[in-house]
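Before any comments, here is the structure.
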Amino acid sequence: MTKDYKLVVIGAGPGGYVAAIRAAQLGIKTAIVEKEYIGGVCLNWGCIPSKALLYATELKRTITGAKRIGLTAENVSIDLDRLRKHKNDTIKRLTGGVKLLLEKAGVKIINGAASFVSGDEIEISDGDTKTKMEAEHFIIATGASPMQLPMLKEDGRIIIGAREAIDIKSIPERMLVVGAGPIGVEMATVYNTLGSKVLIVELLDVVLPMLDADISAASAKALKKQGIEILLSAKVVSSRIASDEVSVTIETSQGTEEMVFDTVLVAAGMRPNTKNLNLGKAKVKLDDRGFIPVNHEMRTNVSNIYAIGDVAGGILLAHKASHEGIAAVEAIAGATATADWKAVPYAVFTDPEIAGIGLTEKEAAVSGQKIKIGKFPYRAVGKAVATLASEGFAKVIADAETDRILGIHLFGPHSGDIIQVGTTLLEMNATAADLGHIMAVHPTLSEALMEAGLNVNGRAIHIIN
């Protein structure tokens, strides 16, 4: 029987739409099914709109703090309506651009929620309309959603998730953020700058627990300096909404305390969107957390079904999803490319910005590798001193015997841009000495990374080694 398409991609986020476009480039007849909005969480409620808000609030902090260099501005404020319009215009422009790219590539865009009927057939539901479609291959790119906590039942008004937080309908006087991961600290930064008194509660004993310990400690210090309160090794045990506020009981090592907030943002992790896919009909296996296990080609246990991005687990990052989509499509086309990523960079857009790649110092120690470390403070970088960015630093972790770079971690403005160098270095199995030999433009913040590479072997110029 002739199939409707050679490939159907389920989900039009940064993994799915990139996969569909690449498939069309390779001459594969492709359709993409999306139940909500083109661009997925990333373009509509996550990566992009949050950066629009973070940019605005960073500008406010920068202008307010510029008094020390002679730049004064009175009553710096943010017009929420205009900020919201900028955020929405940004979303509209980018999602519209993705839709146009899909159409120009020849990808058929289908609105609706897909679920499997068998290993080679899905049913698409759009309101009361149900349509069945067959394909030779499927790529599942349905992403992940914020975890729900039973003691904090979201009502979308007082107890909210990231999607509602992005809308900034109003600025609460008192705000609780549950979870000190990237979403939690980024939104805490936004609302604190907009005028909320923010408390972050984190179950573990560090802020941003997945990052290098030096980065986590520096981030906690910076957040506190901005006026954000942080409770570590703490958890919410109950909550009660009354009128326009919520009473929350928080447990710490010192006991329990009841506190009242106007808004609670739940940012306590993500869960894969597999529940409504009817994967059992296709015989696709899940792991014990609900993610879809895949091999190096992003292929599931069913040979013609692939999974990419957040739904496949691992590091939940948009750019990783995009690269996995390309790897899956090229595997379908018969190429030998694989998704064995040894260099996946990350960034957290707090103030200062954070970025990194590779092993943390703790991960290197756990793996048993003997390491050497180079660090370089931004206060020794001319550009950083001139631009009030002297709190940052660069850290390089290298193998003690081979000098091969194992990890790079940055804390300071534009870290997300600078880390591209680190991605290249790890992909090419470069050494700390190689990094030290790579010229950085003077004066730029990237000089700190070059000098950190030199410092690994005691050769930094602008600090005492």
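Just one residue in the list T274, I305, T300, V302 forms a side-chain contact (heavy atoms from CB on, under 4.5 Å) with L279, and that residue is T274. Applying the side-chain contact (heavy atoms from CB on, under 4.5 Å) test between V396 and each of L410, L449, L454 identifies L449 as the sole match.
Sorted by first then second residue, the ring pair (Phe, Tyr, Trp, His ring centres under 6.0 Å) pairs that include residues 377-400, not counting sequence neighbours, are F393-F411. For residues 301-326, every residue pair satisfying the ring pair (Phe, Tyr, Trp, His ring centres under 6.0 Å) rule, not counting sequence neighbours, is listed here: H323-W341.
For V107 against I21, the heavy-atom pair with the smallest separation is CG2-N, 4.5 Å. Annotation for K285 and P293: closest pair O-CD, 3.3 Å, computed over non-hydrogen atoms.
One finds no salt bridge joining E164 and K169 here, because no Lys/Arg side-chain nitrogen approaches an Asp/Glu carboxylate oxygen to under 4.0 Å. Under the 4.0 Å criterion applied to side-chain N and carboxylate O atoms, K221 and E391 are not assigned as salt-bridge partners. Taking the charged nitrogens against the carboxylate oxygens, E361 and K375 have no contact shorter than 4.0 Å, which rules out a salt bridge.
Counted by atom type alone, S145 and N273 present one or more donor-acceptor pairs between their side chains at under 3.5 Å.
To the nearest 0.5 angstrom, S216 atom OG is 5.0 Å from L211 atom CG. Distance check: I171 CD1 to I78 CD1 gives 8.5 Å after rounding to the nearest 0.5 Å.
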Verdict with supporting geometry, T189 and N192, side-chain hydrogen bond (donor to acceptor under 3.5 Å, both in side chains): CA-CA 5 Å; T189 300; N192 173 69; over 6 Å; no
Please tabulate, for side-chain N and O atoms in residues 456-465, each donor-acceptor pair with protein atoms closer than 3.5 Å (sequence neighbours left out).
from: N457; atom 1: OD1; to: K372; atom 2: NZ; distance (Å): 2.7
from: N457; atom 1: ND2; to: D403; atom 2: OD1; distance (Å): 3.2
from: H462; atom 1: ND1; to: E451; atom 2: OE2; distance (Å): 2.5
from: N465; atom 1: OD1; to: N455; atom 2: ND2; distance (Å): 2.9
from: N465; atom 1: OD1; to: A460; atom 2: N; distance (Å): 3.0
from: N465; atom 1: ND2; to: G458; atom 2: O; distance (Å): 3.4
from: N465; atom 1: ND2; to: A460; atom 2: O; distance (Å): 2.8

